[in-house]
Every structure is written in C-alpha cells, then in structure tokens.
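Here is the structure we will look at, set down as structure tokens.
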Amino acid sequence: MPDYIFVIERDTMRISFCNDAFAQGIDFVDRQQVQGKTIFECFSPEQSHYFQEQNRAVFESGTALHLNETITLPDGEHHFETFKIPLRRQDGEIYALLGISHDYTQLIETQYALSARTAQLEASNRELDSFSYSVSHDLRAPLRHIHGFVVALT
C-alpha cells in the first residue's frame, strides 16, 4: 500500500508499527528498522516537536485529527493528507494512535504544471487576438476598394 501507515504509543511516542512505505519514506530500508523507535529517533528535532504536538492533541481530545500538511523528507518536500485516530482499550483509555498519510505530492506538482501551461496558453491567445484584430483592421481599406471596383463593374 503506498500510503504511510503507523501506530504511535501514547506514553513513549514510540512507533510500535509502521508499513514499509512509511519506513522507506523517512529513509529507512524497511519497517523492522523503524518499529520500536521513538519519533525523536526517526525525525529531526523540529519535525519531532511538530508530530508530538499533533499526537498530544489526539491523545488529549480523544478525537481524530485530519489535516493537509507539507513535510520535508530526505528526498524533498511532500504534501500529505493525514488522519490520526485514537486507539482505545476496552475500558476506553487511549493507548496509541493510528496514523494514515496519503502522499499527494505528484498531484500538486501536476496542478502547478497545468497552471503554468494555462497561463502560457492564455498569453498566446491574447497575442493571437491582438494579431487578428490588427490584420482585420489593416485589410478593411483594401477590401473596401475591391468592393467598390466590383460594384462599379456590375
């Protein structure tokens, strides 16, 4: 599955589960290298703090968190739609969260490319409109003369 899937423990911020896509996305070979590590061991201090605040919000509120975010990973900037959902024991206590992040970076890049191409096409259309106006204006006088000759001949 291409989405990043992970489980973060409440008390330790330890990654108790993740899929290979998550592990590889944060520059590890596979999930065995990540599982058991804390977010502080896997991310930069700034990112760890950012994720810790999100996770705490889920743990304290007991509600799911849904956000669109831009994260810098080892291979560059990525755009994610992320869901963080609290996991509860039978007694209702929240012990961890389940995270699912969908990387839609390619869609954003395609939208930027399409926007740039659309702007180029609009500029070309304006130039063509201007050119066609000039041509039609320049041809009016000669066409009036030709029309006059045709009327004189008939």
* Asked: Below 6.0 angstrom between ring centroids: does that apply to Phe51 and Phe43?
  -> yes

* **4.5 Å side-chain heavy-atom contact, His66 and Glu81** => yes

* To do: Decide whether Ser130 and Glu127 meet the rule of one side-chain donor and one side-chain acceptor closer than 3.5 Å.
  => no

* Qualifying residue for side chain to side chain contact (heavy atoms under 4.5 Å, CB included) with Phe22, from Ile15, Asp3, Ile5 -> Ile15

* Asked: Do the charged groups of Arg56 and Glu60 touch, with an N to O distance under 4.0 Å?
  -> no

* Structure fact -> So CG of Asp103 and CZ of Phe80: to nearest 0.5 Å the spacing works out to 4.5 Å

* Answer yes if Tyr4 and Ile85 sit in the same cluster of Ile, Leu, Val, Met, Phe, Trp and Tyr residues linked by side chain heavy atoms under 4.5 Å apart, and no otherwise. => no

* So, does Asp27 use its side chain to make a donor-acceptor pair with the main chain of Pro74 at under 3.5 Å? -> no

* Structure fact -> One should read off an interatomic distance between Ile39 CD1 and Ser48 OG, to the nearest 0.5 angstrom, of 5.5 Å

* Verify side-chain contact (heavy atoms from CB on, under 4.5 Å) between Met13 and Phe40, making sure each step is shown before the conclusion. => CA-CA 8 Å; Met13 294 290 168; Phe40 309 105; 3.9 Å; yes

* To do: Kindly indicate whether the side chain of Val34, heavy atoms from C-beta on, has any atom under 4.5 Å from the side chain of Phe6.
  => no

* **Glu41 to Thr38 - nearest heavy-atom pair and separation** => OE1-N, 2.7 Å

* Asked: Does the side chain of Glu46 come under 3.5 Å of the side chain of Tyr50 through a donor N or O and an acceptor N or O?
  -> no

* In Å and rounded to the nearest 0.5 Å, what is the CD to OG1 distance from Glu77 to Thr105? -> 8.5 Å

* Considering residues, nucleotides and ligands other than Gln106, do more than 12 of their heavy atoms fall under 6.0 Å from its CD? -> no

* Is there a side-chain contact between Thr63 and Val58, using heavy atoms and a 4.5 Å cut-off? -> no

* Gap separating the OG1 atom of Thr82 from the NZ atom of Lys84, nearest 0.5 angstrom -> 7.0 Å

* Structure fact -> All heavy atoms of Arg31 vs all of Cys18, minimum pair found to be CD-O, 3.1 Å

* To do: Count the heavy atoms belonging to other residues, nucleotides or ligands that lie under 6.0 Å from NE2 of His137, then report whether that count exceeds 12.
  => no

* Any side-chain heavy atom of Leu67 within less than 4.5 Å of one from Gln54? -> yes

* Asked: Hey, quick one: are Leu143 and Val135 part of the same hydrophobic cluster, counting side-chain heavy atoms closer than 4.5 Å, chains of contacts allowed?
  -> yes

* **OG-CD1 distance between Ser61 and Ile94, expressed to the nearest 0.5 angstrom** => 7.0 Å

* **Side-chain H-bond candidate by donor/acceptor type, Ser16 with Gln35, under 3.5 Å** => no

* Which atom pair, heavy atoms only, marks the closest approach of Ala21 to Pro2? -> CB-O, 3.8 Å

* **Residue pair Val7 / Leu97, side-chain heavy-atom distance below 4.5 Å** => no

* Asked: Between the side chains of Thr70 and His79, is a donor N or O closer than 3.5 angstrom to an acceptor N or O?
  -> yes

* Asked: Would you find a donor on one side and an acceptor on the other, under 3.5 Å apart, between the side chain of Arg14 and the backbone of Gly36?
  -> yes

* Asked: Are Tyr133 and Leu128 in one and the same hydrophobic cluster, where Ile, Leu, Val, Met, Phe, Trp and Tyr link if side-chain heavy atoms are under 4.5 Å apart?
  -> no

* Can you measure from CD1 (Ile8) to OH (Tyr95) and round to the nearest 0.5 angstrom? => 13.0 Å

